[in-house]
Structure formats: C-alpha cells, structure tokens
Undergrad: 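What follows is a single structure, and I will ask about it in a moment.
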Amino acid sequence: MEEALKNGILVFTVNGKRFELPSVDPSTTLLEFLRTETCFKSPKSGCGEGGCGACVVLLSKYDPQLKRVEDFSVSSCLTLLCSLNGCAITTSDGLGNTKDGFHSIHERFAGFHASQCGYCTPGMCMSFFSALINADKANHTDPAPGFSKLTVSEAEKSIAGNLCRCTGYRPIADACKTFAADVDVEDLGLNSFWKKKDSRDIKVSKLPPYNPGKKFTTFSTSLKRESAACLDSRKYPWDTPISIDELRSLLHSNLAENGARIKLVVGNTGTGYYKETQRYDRYVDLRYIPELSVIRLDHMGIEVGAAVTISKLISFLKEEKKISLNSYGKLVSQKLAQHMEKIASPFIRNSASIGGNLVMAQRDGFPSDIATLFLCLGATICIMTSQGHEKLTFEEFSARPQLDSRNVLLSLLFPFKKEGSSTCSKFLFETYRASPRPLGNALAYVNAAFLANVSFHGNGVLINDIQLAFGAYGTKHATRAKKVEDYLTGKILSVNVLSEALKLVKHVVVPVDGTTHPDYRSSTVVSFLFEFLFCFTTVDPMMSSGLLKGITLVTEVSESNKAGYISEEKRQTLLSSAKQVVESSKEYYPVGEPMKKFGASMQASGEAVYVDDIPSPPNCLHGAFIYSTRPLAGVKGIHFGSNSIPDGIAAIITFKDIPSGGANVGSKTIFGLEPLFADDLARYAGDRIAFVVAESQRSADVAASMATVEYDTENIDSPILTVEEAVQKSSLFQVPAFVYPKQVGDFSKGMADADHKILSAELRLGSQYYFYMEAQTALAVPDEDNCMVVYASSQCPEYAGSVIASCLGVPEHNIRVVTRRVGGGFGGKAVRAMPVSTACALAALKLQCPVRIYVNRKTDMIMAGGRHPMKITYSVGFKSNGRITALHLDVLVNAGITEDVSPVIPSNFIGALKKYDWGALSFDIKVCKTNLTSKSAMRGPGEVQGSYVAEAIMEHVASVLSMEVDSIRKQNIHTFESLKLFYGHSAGDIGDYTLPDIIDKLATSSSFVQRSEMIEQYNQKTIWKKRGISRVPLVYESTQRPTPGKVSILSDGSVIVEVGGIEIGQGLWTKVKQMTAYGLSLIESSWSEELVEKVRVIQADTLSLVQGGFTAGSTTSESSCEAVRLCCKILVERLTPLKKKLQEQNGSVDWTTLICQAQFQAINLAANSYYVPESSSVQYLNYGAAVSEVEIDILTGETTILQSDIMYDCGQSLNPAVDMGQIEGAFVQGIGFFMLEEYLTNTDGLVVSDSTWTYKIPTMDTIPKSFNVQVLNSGHHEKRVLSSKASGEPPLLLASSVHCATRAAIKAARKQLKLWGKLDGSVTEFYLEVPATLPVVKTQCGLDYVEKYLETLLDLTSS
C-alpha cells in the first residue's frame, strides 16, 4: 500500500479490504464501484440522487491536523470514487454478517420487526451506526451498561432522512432507541426479545449486547499516511490543489483556456438535484486547500471556508467553548445551527459544502435556505477570479454573472453586530421555513430570516434597524424586502404599523409567474413576518385576553425574542410512546406466534439477494428505456445530439426487433394486452418507444436521456387527457358483467323518503406512485435450446413468463422466470413489471447475451402508472336525524391507455363504499380510456377511493345538518341485517361481524369522547394552532385465489417449501414457515419448535411450481399457508404408519430418524397441492377502526399528527408481529396518499413529480407522534385459514381518519374567523383536497387569516 501511496495511486479500503485502482473514470460513484466491482452489495440504489438513504455507507478518514479519525455517513450514489483516496468505507455487510456474526444493530432491527421488504434496511442501519459511533466519541456522561451515549432524540433524527415504504417507521425508531442512554424501555414496542411482563432489567439483559467500549475498527492505521491526500494528476483527470495559488494557475492554465470542461468538486451532492449527463475533462477537488476548509471565529464574526460541509458548520456553531461570544453571537450561532439541521438529511449534510450550496443558488437559482440566512446576516463573499480576489456583499454576489468553474467561491463572512451600551436595546434573530417535511429532506415552499435591533420604550418597541430576507418563494435568488425594512425602521410597532408592513411585504415579495402555489407562498411570507413582529405590538392586555384567549405559538416565540435570544429549545423527540397490543394464540403453535421475519437480520446486513444484487454474467449488457414525452404523436425516428449513436451502445431495440412469430406484447391481464413498444404511434407520455442496450447501466441511462424522439402530429387527433373528454368521445373500456357491482334497493324511493338532499356534489381524487424502494429491475440470460432464464422483481412471475413467451414467439416452457424476493411491490411489481422483464428478454434474444436493467427512478416514476384518479359526483338523501336513505354516484375512473386491471376498480370502489348503510345505493361507473400511462393496482385499488368518498359524504351530511360527524357515522353503521343486504354471503355469520364492538372498544381505549371535549376547549383558547379528531370505521371485502404449494423433506430432515406467493416484504415466507412446522408437527406436537428451524422457503420458479398467479389482494399469504397445510397433511398421512411402527419397535422416535427410515423405505417425501377456496368462503369481510388527532399550524398550513389509534380484526392472526407491521405500514402509506404525495403532470400528461425532490412520501417526522395499534383476536372463523384474516391492504383505508381530523381542525379555524365576522363562506361546507398538503390546509383556513385577525384588532381599537 505504501508504494501505491507514493505513486499517487487511488487507495482506499472497503470493510477492511484494500483497493488500489491505477486508473478509474473520475465520474464513477462509490455506489457504482461497490455494486459492480466488489462483493459488497448492501448499499442499494434507491433513487440515485441522495434522497432516500438506501445507499448510505460510513466514510472514515484521518484528519492530520486534529490527529483523529472522522467517521460520518454519506450517500454513496453521489460520492465520487476519486474523492476517497486514503479513506475507509464501511457498509452494512461489513458491520456484521452471517459468517462473522451480526452487529447488534442488525439483530435489534430484526427483533423489533423493523425490516419488511428489507431494501432500505442496510442504509438505515448505516445512518444509525454513524450517529451511534459519533455519540460514543463525545465527551458525555458514560451510559449504563448495554447503552450508548446517544439520546432518544438523536437516535430518531439520525434516520429521519432515510425513506421506508413498508414499515411505517415506528418499529425502526424503536430499534434505534434501544441504544439510547435516556430511553424508557417500557416505551419500546413489540419485539421478539422479551415478554411484556418482564422487569426492566430483564428486558435490557435480553437485548443483543452492545458494548461501546469494544471499538469497531472503521479505519486502518496504514491509511493515515499524509501522502494519501493527493492523486497523481498525470494518471487521473483529477486534480487536488493544495493552495489557492495552485488552484488559480490550474484553472487558468492552457488546458482550461483551450475549452476543457472542468468540474469543481467537494461533496458532489449537487448532482443529486442537477442531474449531469455531460462528461468533464478534469475534476478539481477543493478539499485540500486549507483556507477553504477552515472556520475562523473572532470578535468580528465567523468566516467559513467554501469547502466546509454543512454538518461541520452546524457542529462548530453548537460548540459553546470556542470563544466567549456576546449575546448576538450566541443568538445567531444557535439559530443558524437549528435551521441548518432542517436542511437536507444527515448523510447529505456530511458531504455537501456551504460554498457548493451558495454557488448552486447563485448560478442555477437553487432554492437555498443557507443563501437566505446569510443574506439576512449581511454576509460578505470572497471569490477568486482571473484578476485576483473579489469581495462582494451577498446582494452583489447574487446579482453578478453566473459563476463558472474559472471563478471560485473561497469563503464567506457573517459579521457580528456590535451591541450598544444601552440596556434597553436588543437584537432579535429568527429563521423560518415551511416545507412538506418538518425535519428537512424537502425543499421549502418559503424560507425566511429576520434580524432586528429594537429598543424598549415606555410606549412600545422601537425598531432601530431591521433586515428581512426571503427565499424559495418563487424567485431566482433570495431577496431582501428593502421597502418593508425602510418603512419599519424608526417606527414604534403597533397593530397599525404591522398591518401596513404586511400589506407592503405582500406587494414586494412576489412569486414569479409559473411558480406552484403562488398565493400560498405569498400568504406564508406574511405569516412569517407577522410571527416575528406581532408580539412587540402594543395590544391592550384586556383586548388580548378577550379576543385571543392566549396566543400559544406567537407568545412562545415572542417572550424569547423579547429576552434578546432564544434559549436552546427543549430537545423534543419526534415520537412519543406507542402501544402495540397483540393476542397470540397457542392453538396452532407455532402458527399464531409473533415470530420475527424470516431473514430479517440478513436483510439488515444487506446480504439478502435482490435481482440487482445477482452478479452480472459474463458479457452482460444493460438496458434503459426511451419513452415518449408526447401524449399522442407519430414516431418518425430517434436521434442523438451528435447525430451518431454514443460510444458503448450495443443496440437500440424497438418493435421492429420482435421476432417473426412473436407479438408486440409487454403485459397482459384477463382483460387485455398492452404493447411492449409503441409502433409508429406513441399513445401517451411515458410510452415505451425503444430500449437502449449498453455496456453499463450508466451508459444506457445517459444514452436514453440524450435521445431525441422526432414526432409527427399531422393528421393525428388531439389526445384525450381527462375523463370528461373520454366520456365526450365515448373512449371507455367495457367492464364485464361478472365484475360489475350490484346496486342495492330503490334509489327513487329512498330519495322520496328523505328530509334533506344534496344534489350533484363533486369530488376529485388524484393518483399515487408506488415508491417501492427497489425500482423495476430484471436480468435475462439466454439458455440452451432457445430457452431463457429471467430473474424478475415480480409479483406475478408466471404471467411475466407467459408474456415473454408470447413476445419472443416461443412456448412457455422455454421461459423460466425466477423471483426470490421483491424490494417492495404494493401492486406496482405486478402488471407494470412485465414490460421490464420482456424488454430485457427480447434484447437478450436479439444480442444472444445476458441483458439486465435497473430502471432509474425518474423513468420508473414516469412509466409506472400508479393509483387510479377519479371524478365522483354524488347525490344523497337523508333524514333530519342524519339517517341516510339513498345515495347515487356517477364515477369516472381514469384508467389510462390500456385496461390493465381497471375493470375491477368499480367493484372494489363500491365494496369499500358499502361500509355504511346507505338505505338505497345506485351508481354509474365508467372506466375511461385516456392518453395517459396505464393505471394499475396499488395497495387497496379502488377501495381507498371508495372508503374515502363514504367519509366525505358523511362529512357533507353533517355540515348540512350542523351535527357532529361522528354521530352521523354511528347513525349509519350497518346492522347485521343491512350488512347482509349490501354484502351478501361475504358478510358471513353474525358472530363474524365485529365492527360495532370494535368502534365501541376503540372509543374507550383511545379516550375518544374525553379527547374530543379537550380539543374543543383547546381550540377556544388558541388562535394560531387548531386541533381536530376523527373516528373512521373500515369494512374491506377480501377475495382468496387458488394457490399452489409444494413441501419436500430432504434426507437429513430439513424441509424445502415452494409456494405460489412471492415474498414482497409482507412476511409471507415467515407465515409459510410457521404453517409448515405446524402442519408437519401434527404427527408429533413436541416437534413443532424444532421443525420451524428446519424449514426453508425457496424462490419462486415458474417451471418448478405452476399456476402461481398474482401475489396481490392481501390474501396470498393465507392461501399459500393453506396450500402448504394441505401438502403437510399428505406427508403426515404417509409418515404416520411408519412412526407408529418405529415407536412400537423403539419406544420413541425423533424427526431425523423418522425421515431417515422413510427414505430407506422409499416413502414419497414430496407433496404438491393446489388450494382452491370453496365458493362460500372465497370472499369475506375485514373490520377495523381508527381514531386520529391532528394539530394544524394556521400560519403555515403544517399538519402534525398527534396521535392515531387503530383497532383491527385479524381473526386469529397467523403471526401478530407480521400483521402489526402490515397494519402500521399500510396506514402510513395511506397518510402519504391523503396528506403528502402530490402526483403532478404537465399539460401533456407527462409526470413531473419524478424524483425524491418533487414527490414526498412519509418520513419519520410525518407519522403519528403517538401510534397505538391493537391487533384484535376475534376467535374462531370456520371458513378462514386457521381462523386468520388479511392485513396487508385494509388498514391503509383508515388513514382517511387523518384527513378527516385535519378537516375538523380547519373547521375550528374557520369558526374562529366567523366569530370575528370575517369568514367568507360556510364554517363547515368547504372542499378539502387530497392530498391535504400545507398549501391546501392553509388555503382552507384562509390565506388572509393574519390580515383578518389584525383587522379585527383594529376594529376593536377604533370602537
């Protein structure tokens, strides 16, 4: 290694393994290297833009100045390999693994049921490990044995930037909190380590041990040599200047003057936002120039080098012992650190530089928070140009021509203000941001920073000086509101002055045309300034108490502002304690036990193999899709920028490459086919036009992004993009009679009986993207005799195989599709995955070599389809007491371009809507064909919309009658008689109908009535925050499908199981394992525990087990279990006579001996079955209910879910821990649909919410703070599989309780406006969109709420 260092060769280690790379493409990322050149596959590609955390690793490097090793998490998809010289990388499989033993992080994640599909888990573990290792280095008090120095708050925040689509985060948080010194073990949730009744000490002793004193070596001493710092720039196009002079000469050398493209590098995190396809001639690493990497602090201010990372600056600002700062310095440092912790996520802040952030803001208009903060503080910028150094004010820096790679930002200085001698003069500094997520990892709608010098006089507060900076509101650069500053300076604050200032700021801070949510942003600008200044206005205390009744939010900020600085905010945890109540059953042991998920530790370490982890076979090529950006256009050709096919491209596959005898088919369902490629006509934006095949995935992706499609729109009809256009042009799909739902009762009679009617009310619901953590992926390998093996991430490999065979024109027995596990599906890996596998197989056939694809996240989001958008028009009749007598619906379902599974949506929609007794129910549901991506099944397809529409109607009826909506709901809950009328045989027996009991029990366990009263009182006392609570019931109709199974006992007694169902994170393998052990233990019950360990469930193989069908609809686990039980029954029947015989001979017999003898006696030890549910038990109903309480911030529209309580009937759960995970995960995914996830398209129907930057799924900081779930064991259900019921999809529908609670909180805000006489419209009748994002909530509260409040104060003053 020393020789390598001397020679300037790139040297680093991964999990202690040394790598020396004499040459490397400098644009290669660490993730690309790890996944293609090493055996370490735990870092996953989730998004490729630093937005999900799936690729997080620990980076360790030696700091020669401080003489210590620094360890920090980084996003490996953005980290350039050449920047790692002399560094050490640790991945999750280096932290621990099957061979060397798992780390306690892995074991605790597994034991707390914190891994479902497992794709995000290794990155999650490394984010947490980074926080853990750094906390234990800190000079904090030593914790109790078995714990770390980490706090609960730090543990939660360490993973707040990591995304998970499966678990709902609560168990992940609990697993991390087990390491925290200040954790209350009693608050930790369901796990496989201890029993609830165990004492605290016993619980702690049962945790996998953690010893902070036993250091985990992250860095090899051989890497400490200082010579590791610089690569030889003659061997690599990578320069590491060590002085500013060297940097200047490098940037203005002959090479640079000759037009070489140069990229300046610190952390490379900017490429996560501004995707780069161009190649650079040279890379210049700025991190080795001392002046650029230091922070200097003196009495004048703080100077920050441009290469200082955001994390380093935060740490510096939080250090208290640096220097004795004056109160201004303390105030500014503290507020800056607090705000910066809400920017990006820890693994991005650890790499992203302050200078890089500001350059993106200056050059590209990046909506930076940091720029706004420094603009407010009057920072000065130093840049290096060809002429020398240039010092600029922040405004001058923003206004100068865009920086290029020849002009370098060197440092910035934010000065400290000199405090006056007057004791009555104080500085105030406050920062603000409104964003989709509280803890960052989301760009702000608006950010702001305000600095003021005020004096306190007898008649009020005088503003001596004020600086107001706003950013991200729809402007290229952060701006100062100079006119407002001038107006306020020298004035004593009063309501009048503030009111005028707010009018002025609204005119000055104006979003540019084309900005999304412009009115919301303008309103939030007003809110921030109001929040900053209002507490200093001269409001008469009597008037205040009469009108305000305590201003919770504002007074908190005000009092601390008056003191001159804000004392460090109390470290609040994101989540409070949560309860998980499960009732396990011993009747069918080990079925019913809350066992941890099979392979969970292996998933945490990253050793679980997904399709993209399979090593590439020799000569493997990689594919990427070229798709249409137009909704309906002729395709004339495909061109590249240079008019020649880029280097490294092996082929461009189109419909013309489909072999004779094959068909242009990419997917199929029982309702119809979808083409693999557009022929001469692209039919929707996102239509697959071609498949580029290249030497690497990156080359294929770059080529696809460079491709320009030449379109022809002459003589082509205009596209149909809305359901209204589809109806007008009769563009509709037929819904077969056998799947169309049946109407109930006589609608005309029901309406005639009504006292009140609502006619033709309208609702609209948008789409939702799956956001499985593992994007679509496949690997196709040609085999002998014109056969093909395809490894697919698929929920229905059998259908995929059939489609591939049709496309290639071969018999189905020529195509073997193998699926081991899927990194999240939610319906998106069913029909939508088929074209991906088929395109790979077609390319592999044409080129006669293996071809694989990992679809990049943007392409995946554009092509995937997602949930069905709908327009619903309803008319409803009801009595004065709230009893509904009749409902009619006209529903237009936007299916997109092909049928997919859309014809089942009407049935699913009505099935969930029927949860209430509507008296009479009639409907007309049209499935519309539009020029959009085909919409497909997504977790609760149709049911989510139907259930929500039912609640929206209840809310509407309640508002018309001015009654409590909960009483309207209770009034219309089914009796068993009405249930049977609406659901027929699915209703089962009266004993199965547990919903009324659940509703009552939940009211008690959640203290629903008492909390409702407390919320009423709270809302009367507070003006700026309002709370709402809602209770929502659930009825969900599940359908079982036929499913195959196969159980084989090997000679040593170990057992291999194959089932039709696919493991997609729902715990199917775990339940099947338990069922196998139970089924075989019927021969001898004492063997059940031993048998669990002997069972292995293996991957699905379409040529080994046929008729696998779809893994969908939440019932595949129970059907697979029943198929396995039938197999075990056959085997037990075969083995029982032999067992009796051996017992008679030997007195006793063990399992191994029995199997050994069975082999010897040629007993068939393999059994197949095909479970076909009886017609009377194919469909059944699931029941549950949820109570959710939220708090909205009227100033920003932010909604905080304070508490959610769920009670769900799982029958007799096959595994309560698995079902608990399904319930929590589904509910949180529902929160995404109802509150967060905006699925936006452009005017052509092309998806523009196409990245982690623009599409926001729930994160740790957006789930309920208190999340309580009870899995109800409702006893014996004769027609169910061992009395069990489904859990995967139904709980998602209960998330509408959050939306309904938000509506209740908004109602309270509108009621407040009415009390002031300032409400335009009705308190209760308003339309709350889905999702109810910040702009939606604030709009319904009133965008001019602040102004109306001040008007009310002025009215009172004048009167």
Side-chain angles (χ1 to χ4, degrees), residues 1-2 4-5 10-21 30 33-34 37-43 55-74 76 79 81 83-109 122-140 142-143 145-150 155 158 176 179 208-229 311 346-347 350-351 601-602 604-607:
M1 185 184 276
E2 288 185 19
L5 295 175
L10 176 60
V11 177
F12 57 90
T13 65
V14 181
N15 299 330
K17 183 178 179 180
R18 186 182 76 194
F19 289 91
E20 296 179 12
L21 307 182
L30 172 59
F33 175 78
L34 290 172
E37 304 296 329
T38 77
C39 60
F40 305 114
K41 298 294 174 70
S42 64
C55 69
V56 169
V57 299
L58 186 80
L59 193 156
S60 306
K61 66 181 197 179
Y62 184 67
D63 185 326
Q65 266 74 45
L66 299 173
K67 292 186 167 47
R68 69 181 185 203
V69 174
E70 294 183 326
D71 299 291
F72 50 93
S73 58
V74 297
S76 63
T79 305
L81 202 59
S83 69
L84 300 176
N85 201 29
C87 295
I89 305 300
T90 306
T91 67
S92 195
D93 41 350
L95 195 59
N97 50 61
T98 315
K99 179 169 171 279
D100 303 320
F102 294 112
H103 191 278
S104 54
I105 293 176
H106 300 147
E107 291 179 315
R108 293 189 191 187
F109 264 67
M124 203 77 76
C125 289
M126 294 316 294
S127 283
F128 178 67
F129 179 66
S130 170
L132 189 68
I133 200 170
N134 282 300
D136 284 334
K137 285 181 189 175
N139 295 321
H140 298 157
D142 284 338
F147 294 95
S148 72
K149 295 179 183 177
L150 205 65
S158 70
C176 295
F179 292 88
Y210 171 69
N211 181 4
K214 186 184 172 188
K215 295 293 182 196
F216 179 90
T217 306
T218 59
F219 192 82
S220 165
T221 50
S222 60
L223 287 172
K224 283 185 182 177
R225 297 176 57 81
E226 202 172 328
S227 54
S311 288
F347 49 83
N350 291 338
S351 305
S601 299
M602 193 171 63
S605 71
E607 295 170 284

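A quick note: this is a predicted structure, and the numbers were derived from the prediction, not measured.
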Undergrad: At their closest point, which heavy atom of Leu34 faces which heavy atom of Lys41, and how far apart are they?
TA: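 Closest approach of Leu34 to Lys41: O-CE, 4.3 Å.
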Undergrad: With sequence neighbours excluded, what pairs up with Ser127 under the side-chain hydrogen bond (donor to acceptor under 3.5 Å, both in side chains) test?
TA: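 side-chain hydrogen bond (donor to acceptor under 3.5 Å, both in side chains) check on Ser127 returns Asn162.
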Undergrad: Less than 4.5 Å apart, any side-chain heavy atom of Asn15 and any of Thr90?
TA: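 Of all side-chain heavy-atom pairs linking Thr90 with Asn15, at least one is under 4.5 Å.
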Undergrad: Quick one: salt bridge (charged side-chain N to carboxylate O under 4.0 Å, His left out) partners of Asp142, sequence neighbours excluded?
TA: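 Asp142 satisfies salt bridge (charged side-chain N to carboxylate O under 4.0 Å, His left out) with Lys149 once adjacent residues are dropped.
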Undergrad: For a 4.5 angstrom cut-off between non-hydrogen side-chain atoms, does Tyr62 reach Lys67?
TA: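 SC-SC contact between Tyr62 and Lys67 confirmed.
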Undergrad: How close do Ser42 and Thr91 get, counting heavy atoms only, and between which atoms?
TA: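 So the two residues come closest at OG-CB, 3.4 Å.
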Undergrad: Pick out which of His103, His106, Glu607 makes a side chain to side chain donor-acceptor pair (under 3.5 Å) with Ser92.
TA: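 In the set His103, His106, Glu607, the residue that makes a side chain to side chain donor-acceptor pair (under 3.5 Å) with Ser92 is His106.
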Undergrad: Applying side-chain hydrogen bond (donor to acceptor under 3.5 Å, both in side chains), name anything that partners Asn134, two or more places apart in sequence or on another chain.
TA: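 Once residues adjacent in sequence are excluded, Asn134 has no partner under the side-chain hydrogen bond (donor to acceptor under 3.5 Å, both in side chains) criterion.
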Undergrad: Residues in salt bridge (charged side-chain N to carboxylate O under 4.0 Å, His left out) with Asp136, at least two apart?
TA: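 Expected list: none.
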Undergrad: Measure the spacing between CG of Asp71 and CG of Leu132 and express it to the nearest 0.5 Å.
TA: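 One finds 11.0 Å between CG of Asp71 and CG of Leu132.
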Undergrad: My understanding is that only residues two or more places apart in sequence, or in another chain, count here; which of them pass salt bridge (charged side-chain N to carboxylate O under 4.0 Å, His left out) with Lys17?
TA: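 Applying salt bridge (charged side-chain N to carboxylate O under 4.0 Å, His left out) to Lys17 gives none.
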Undergrad: Could you go step by step and tell me if Phe128 and Phe109 meet the ring-ring contact (aromatic ring centres under 6.0 Å, His included) rule?
TA: CA-CA 11 Å; Phe128 178 67; Phe109 264 67; 7.1 Å; no
Undergrad: Which heavy atom in Ser73 sits nearest to a heavy atom in Leu58, and how many Å separate them?
TA: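 Ser73 and Leu58 have their closest heavy atoms at N-CD1, 4.2 Å.
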Undergrad: So how far is it from Ser148 OG to His140 NE2, rounded to the nearest 0.5 Å?
TA: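 It comes to 11.0 Å.
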Undergrad: Between Phe19 and Phe12, how do the two ring planes meet: parallel, tilted or perpendicular, split at 30° and 60°?
TA: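 The arrangement is parallel - the two ring planes meet at less than 30°.
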Undergrad: Which atom pair, heavy atoms only, marks the closest approach of Cys55 to Pro43?
TA: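 Looks like O-CB, 3.8 Å.
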Undergrad: Listed by chain and number, what are the side-chain hydrogen bond (donor to acceptor under 3.5 Å, both in side chains) partners of Asp100, not counting sequence neighbours?
TA: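 In terms of side-chain hydrogen bond (donor to acceptor under 3.5 Å, both in side chains), with neighbours along the sequence ignored, Asp100 is linked to Asn97.
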Undergrad: Taking C-beta and beyond as the side chain, do Leu21 and Phe33 meet within less than 4.5 Å on heavy atoms?
TA: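 Answer yes - side chains close enough.
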Undergrad: Under a 3.5 Å cutoff, is there a donor and acceptor pairing between the side chains of Asp93 and Ser605?
TA: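 Distance-only check fails for Asp93 and Ser605.
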Undergrad: Atom CD1 in Ile133, atom CZ in Phe216: separation rounded to 0.5 Å?
TA: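 Nearest 0.5 Å value for the CD1-CZ distance: 7.5 Å.
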Undergrad: Taking all non-hydrogen atoms of both residues, which atom of Asn85 and which atom of Leu10 are closest, and how far apart?
TA: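 Closest pair (atom of Asn85, atom of Leu10, distance): OD1-CA, 3.4 Å.
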Undergrad: Report yes if the side chains of Leu59 and Ile89 come closer than 4.5 Å at any heavy-atom pair, otherwise no.
TA: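 Of all side-chain heavy-atom pairs linking Ile89 with Leu59, at least one is under 4.5 Å.
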Undergrad: Taking all atoms of both residues into account, what is the closest heavy-atom pair of Ser104 and Phe179, and its distance?
TA: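 Minimum heavy-atom contact is OG-CE2, 3.5 Å.
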Undergrad: Report the distance from atom CZ of Arg18 to atom OG of Ser220, rounding to the nearest 0.5 Å.
TA: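 Atom-to-atom, Arg18:CZ and Ser220:OG are 9.5 Å apart.
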Undergrad: Would you compute the distance between atom CZ of Phe347 and atom OG of Ser158 and round it to the nearest 0.5 angstrom?
TA: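 Output value for this atom pair is 11.0 Å.
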